[in-house]
Visitor: 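Mind looking over this structure? Questions follow.
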Amino acid sequence: MTDPAFLLVAWARVRANKGARTPDVDGRTTYYVEEVRGVESFLDELRSSLKDRSFRPLPVRERMIPKANGKLRRLGIATVTDRVVQASVKLVLESIFEPDCAPRGAAFTGRGERPCRALVAARAWKLETA
């Protein structure tokens, strides 16, 4: 998770996401990181804070967005830093769980290539009982 390659790929995914322009709770976007802080220094600081266990996620910025039925639902917008950490964790977990999954198996939902919760729970149970 703290491997610079994982963090760089995680950054690229966060940066490419359509929510990259949305400011987080501290008002920053991926563009802020690129233009003001610099990506390299941002990732170096993030890596250091993860390695020395000083990283702490911040509260999400909450917005109410309309649903199709006219009601509203809450949307939480995490900070850029938190999104990069989440993407890095996702990369690590995918590399552990994806090899066990058949591309068209029952372990996948109808939403692309996301493993279902049941598979993750079954895999965790398998690890615990082994």
Visitor: Would a hydrophobic clustering, with Ile, Leu, Val, Met, Phe, Trp and Tyr connected at side-chain separations under 4.5 Å, put I77 with Y31?
Guide: no
Visitor: Could you tell me whether E34 and R28 make a salt bridge, using a distance below 4.0 angstrom between a side-chain N and a carboxylate O?
Guide: no
Visitor: Looking only at non-hydrogen atoms, find the nearest pair between L7 and R47 and report the distance.
Guide: CD1-CB, 3.6 Å
Visitor: Give the minimum heavy-atom separation between M64 and L72, together with the two atoms involved.
Guide: CE-CB, 3.9 Å
Visitor: Please check if the number of heavy atoms outside E40 that lie under 6.0 Å from its CD is greater than 12.
Guide: no
Visitor: If you look at every heavy atom in A20 and V14, which pair is closest and at what distance?
Guide: CB-O, 3.7 Å
Visitor: Report yes if the side chains of L46 and W11 come closer than 4.5 Å at any heavy-atom pair, otherwise no.
Guide: no
Visitor: With rounding to the nearest 0.5 Å, note down the distance linking CZ in R74 to CD in E62.
Guide: 4.5 Å
Visitor: For the residue pair A10 and S88, what are the closest heavy atoms and their distance?
Guide: CB-N, 3.5 Å
Visitor: Considering only heavy atoms from C-beta outward, does the side chain of V60 approach that of V25 to under 4.5 Å?
Guide: no
Visitor: OG1 of T81 to CZ of F55: how many Å apart, nearest 0.5 Å?
Guide: 6.5 Å
Visitor: Taking the side chain as every heavy atom from C-beta outward, state whether R13 and L91 have any pair of such atoms under 4.5 Å apart.
Guide: yes
Visitor: Counting only N and O atoms by type, is there a donor-acceptor contact under 3.5 Å from the side chain of R83 to the main-chain atoms of A78?
Guide: yes
Visitor: Hey, what do you get for OG1 (T2) to CZ (R53), rounding to the nearest 0.5 Å?
Guide: 10.0 Å
Visitor: Any idea which heavy atoms bring T29 and V80 closest together, and the distance?
Guide: C-CG2, 3.7 Å
Visitor: With a 3.5 Å cut-off and no angle check, do the side chains of T79 and D82 form a donor-acceptor pair?
Guide: yes
Visitor: With hydrophobic residues grouped by side-chain heavy-atom distances under 4.5 Å, do Y32 and L58 end up in a single group?
Guide: no
Visitor: When you look at CZ of R37, are more than 12 heavy atoms from neighbouring residues, nucleotides or ligands closer to it than 6.0 Å?
Guide: yes
Visitor: Apply side chain to side chain contact (heavy atoms under 4.5 Å, CB included) to L8 and list each qualifying residue two or more places apart in sequence or on a separate chain.
Guide: L43
Visitor: Does a side-chain heavy-atom distance below 4.5 Å link R61 with P23?
Guide: yes
Visitor: Nearest 0.5 angstrom please: R15 CZ to R21 CZ, how far?
Guide: 7.0 Å
